[in-house]
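Here's the structure, in structure tokens; my notes come after.
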Amino acid sequence: MDMDKLVSLCKRRGFLFQSSEIYGGLNGFWDYGPLGTELKRNVKEAWWRDMVTGHDDLAAPPGAPEAFQMVGLDSTIIMHPQIWKCSGHYDLFHDFMVDCRESKKRYRHDQVRGRWVAYQGKRVFVTTQSGGDEGVAETAQRALKLFGLRGKDAERLAWEGELVSLMTVADFAQVLGPDAREPGTLTEPREFNLMFKTYVGALSGEEGAAFLRPETAQGIFVNFKNVVDSSRVSVPFGIAQVGKSFRNEITPRNFTFRSREFEQMEIEFFCHPTQSPDWYRFWRDRRYRWYVELGLAGERLRLRDHDKEELSHYSCGTADIEYAFPFLPPGEFGELEGIAHRGDFDLRSHMEGKLVRQGDSLVVETDAEGKPRHKGSGKDLSYYDDVTRERYIPHVIEPSAGADRATLAFLCEAYQEDKVPDEHGNPRERVFLRLHPRLAPIKAAVFPLVKKDGMPEVAQNIYRDLKQQFNVYYDEKGAVGRRYARQDEVGTPICITVDGPSLTDGTVTFRDRDTLRQWRVKVEDCREELAKVLRGEQLAISS
RNA sequence: GCGGGUGUAGCUCAAUGGUAGAGCAAUAGCCUUCCAAGCUGAAGACGAGGGUUCGAUUCCCUUCACCCGCUCCA
């Protein structure tokens, strides 16, 4: 599939627009047009319905260890800045970077290290990105090259001390960049913040500095105790949240795939530590199935378990649900959702402070004085089980999905081209979106075959009746074939046409988007028939 | 952030240092009895800013956006 055609269709029919377009656009931001808004709403509502309001609290679904509860939450985008310090985002997302004017490469200031060396009165800080013996060898090698010496002259170089961080160096004119041939090519360190910074309060002083959330998850963790204390849930249970998140991506690209403002659909599922591997597998499979059920059924969708090396320091299992987007190189997949086993990392972080791995356990990271690097809330977020009389910190399974990415994947998967016969029976190119009926922005279109003989009046009555239950669209302009084509292009599953026989026998035709099949339905049965078709029940073909 | 490429109507494409043109789409109407037909009407563009010039869509500079590669992506 040609991505350009989809992008063009999205703009032409009002699914997606570039943000601030009349001012030249803004990189990494996208607006949803009238139809895109409906589509994305449907994606989010399907998720909410399937995960939360439609979930049966009383019985264990297939693959689940036991029955569980699901509740919702809507937390704020701006939260206490300490949350991001304890969660680890502040340290991970907040770096100083240096650029090399010569090699055009960029490095993290804290990851470049090097050694001071002197030769014939010249003193240079030779850098490397490697540590340990490798770094020592590399700096030795590069110093020889810089001064035009051979290996046997190595002892003529006067080294000063061990490998140290670039952060200890003030004058960059004497620094030889990791990929440079001459010293002095590195820029001053520049602050690089992947979180959007803002200021709370009318005075924009640093004491009011805060961040737009880079994920919705933390809002759930910090409300864990509130939810437990207020909503009669007991472990195991999940808290779901849908909402905007913000990341200052360095290279937003690939349509809406990597946007700076995006929407997430996240669940934090709290369970007993001994049961957590079973719950992890349940959620991994459940979430994969959700995409399949809504139409991403082909080989372009896959479930991929992370390798051990790929796991975050706190995770004991992570899987990605990925889709082979058409804009990616063949064989590459883009992440739609990550399902992570996060252990007790998050709740403990917000109790004790930012955690780091030490051997097999997580401990509070400390500063030079032995105090916590980022202090936690100090609140007890453990859970007391009334039945077993056990107190513990629940483990967390986190299925974290991107609403915009899912929407984009559904669009890509739905895009179809085929040939249908025109009025003379000659094949004509057709573009249509084979969207799942639950996702389709418009559920049905109602047409009078021609704009006379009382057909519009009948069609309008059907339209008004259906409108009470479904998002339907009325159109009486031009040839009916054109109207069909327009609806196909935006994925409307059914077109209902009032024709000659309608006026005498009270039936109308239903036309199926994918097969072009038509069958007759009584006017008074339209609502029920449409509901049936949208539920995916067998089409009642009678003509 | 770097390098290369591209910016003309919703889309596809013209032309031009001196009034920017077409096809398709969209739109209003006529016609039309099942898959973008036809006729008529009206509407619609040089990404933005600056410079050179009597005059710039065209030449120059800057900027913004998009595409490709690098970099980045807890």
Side-chain angles (χ1 to χ4, degrees), chain A residues 3-5 7-14 17-29 33 84 87-95 97-108 179 187 190 192 194-195 214-215 217 247-255 257-258 260 310-315 318 327 329 334-335 338 340 342 345 400 418-432 447-453 455 476-489 495-503 508-513 516-518 543:
Chain A
M3 194 61 196
D4 290 344
K5 287 187 182 171
V7 174
S8 163
L9 186 150
C10 283
K11 176 166 187 194
R12 189 158 40 82
R13 298 307 309 271
F17 307 125
Q18 191 178 18
S19 166
S20 317
E21 193 182 338
I22 63 168
Y23 285 102
L26 191 59
N27 197 341
F29 297 88
W84 307 111
S87 71
H89 287 86
Y90 182 83
D91 292 338
L92 275 165
F93 274 24
H94 188 259
D95 292 313
M97 309 289 279
V98 294
D99 291 308
C100 177
R101 295 188 194 90
E102 183 190 316
S103 68
K104 306 296 180 196
K105 295 204 172 187
R106 168 173 293 162
Y107 313 94
R108 270 177 56 177
D179 298 284
T187 62
R190 281 180 293 190
F192 219 80
L194 263 37
M195 287 196 289
E215 63 169 34
R247 293 180 198 183
N248 231 332
E249 299 287 353
I250 294 169
T251 314
R253 211 164 270 194
N254 291 330
F255 208 22
F257 183 76
R258 180 164 296 143
R260 287 175 163 148
E310 214 179 335
L311 295 178
S312 307
H313 58 287
Y314 47 75
S315 182
T318 299
F327 47 75
E335 182 183 340
R342 298 178 62 91
F345 175 80
S400 168
D418 68 356
K419 287 199 163 54
V420 305
D422 67 10
E423 56 171 348
H424 305 297
N426 301 318
R428 185 191 161 118
E429 281 276 328
R430 176 176 77 133
V431 170
F432 66 113
F447 307 146
L449 184 58
V450 288
K451 201 168 57 176
K452 61 180 187 186
D453 299 341
M455 292 181 201
E476 60 179 26
K477 309 267 178 63
V480 74
R482 176 182 294 254
R483 286 177 266 158
Y484 285 144
R486 275 197 285 250
Q487 294 302 318
D488 291 342
E489 200 179 38
C495 291
I496 299 170
T497 304
V498 173
D499 56 11
S502 310
L503 306 173
V508 295
T509 63
F510 269 51
R511 169 196 179 270
D512 177 64
R513 174 194 67 204
L516 309 182
R517 278 188 304 204
Q518 292 186 319
S543 61

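Throughout, a chain's letter reflects where its sequence line sits, starting with A, and its residues are numbered from 1. All of these numbers come straight from a predicted model, not from anything done at the bench.
Here A:L194 lies out of heavy-atom contact (under 4.0 Å) with every strand. Residue contacts shown for A:D499 include a base, since a base heavy atom lies under 4.0 Å away. Heavy atoms of A:D91 sit nowhere under 4.0 angstrom from any nucleic acid atom. Nucleic acid contact class of A:G500 (heavy atoms, under 4.0 Å, all strands): base. Contacts of A:Q18 with the nucleic acid, taken as non-hydrogen atoms under 4.0 Å apart, involve only primed sugar atoms and P, OP1 or OP2. Among the heavy atoms of the strands, none lies under 4.0 Å from A:R483. Across all strands shown, A:K452 has heavy atoms under 4.0 Å from sugar-phosphate atoms exclusively, and none from any base.
When rounded to the nearest whole Å, the span between CZ of A:R428 and C1' of B:rA25 equals 11 Å.
In this structure B:rC34 sits in no base pair that meets the Watson-Crick or G-U test at under 3.5 Å. Base pairing annotation: B:rA43 forms no Watson-Crick or G-U wobble pair, as no partner gives both donor-acceptor distances under 3.5 Å. Pair check for B:rU6 finds B:rA65; Watson-Crick or G-U wobble, both atom distances under 3.5 Å. Pairing for B:rG23 is with B:rC11, a Watson-Crick or G-U wobble pair whose two hydrogen-bonding atom distances lie under 3.5 Å.
Under 3.5 Å, the side chain of A:Y23 and the base of B:rC64 form no donor-acceptor pair of N or O atoms.
Residue A:R486 places its side chain closer to B:rA26 than to any other of B:rC34, B:rA26, B:rC11.
Under a 4.0 Å N-O distance rule, the pair A:R513/A:D488 does not qualify as a salt bridge.
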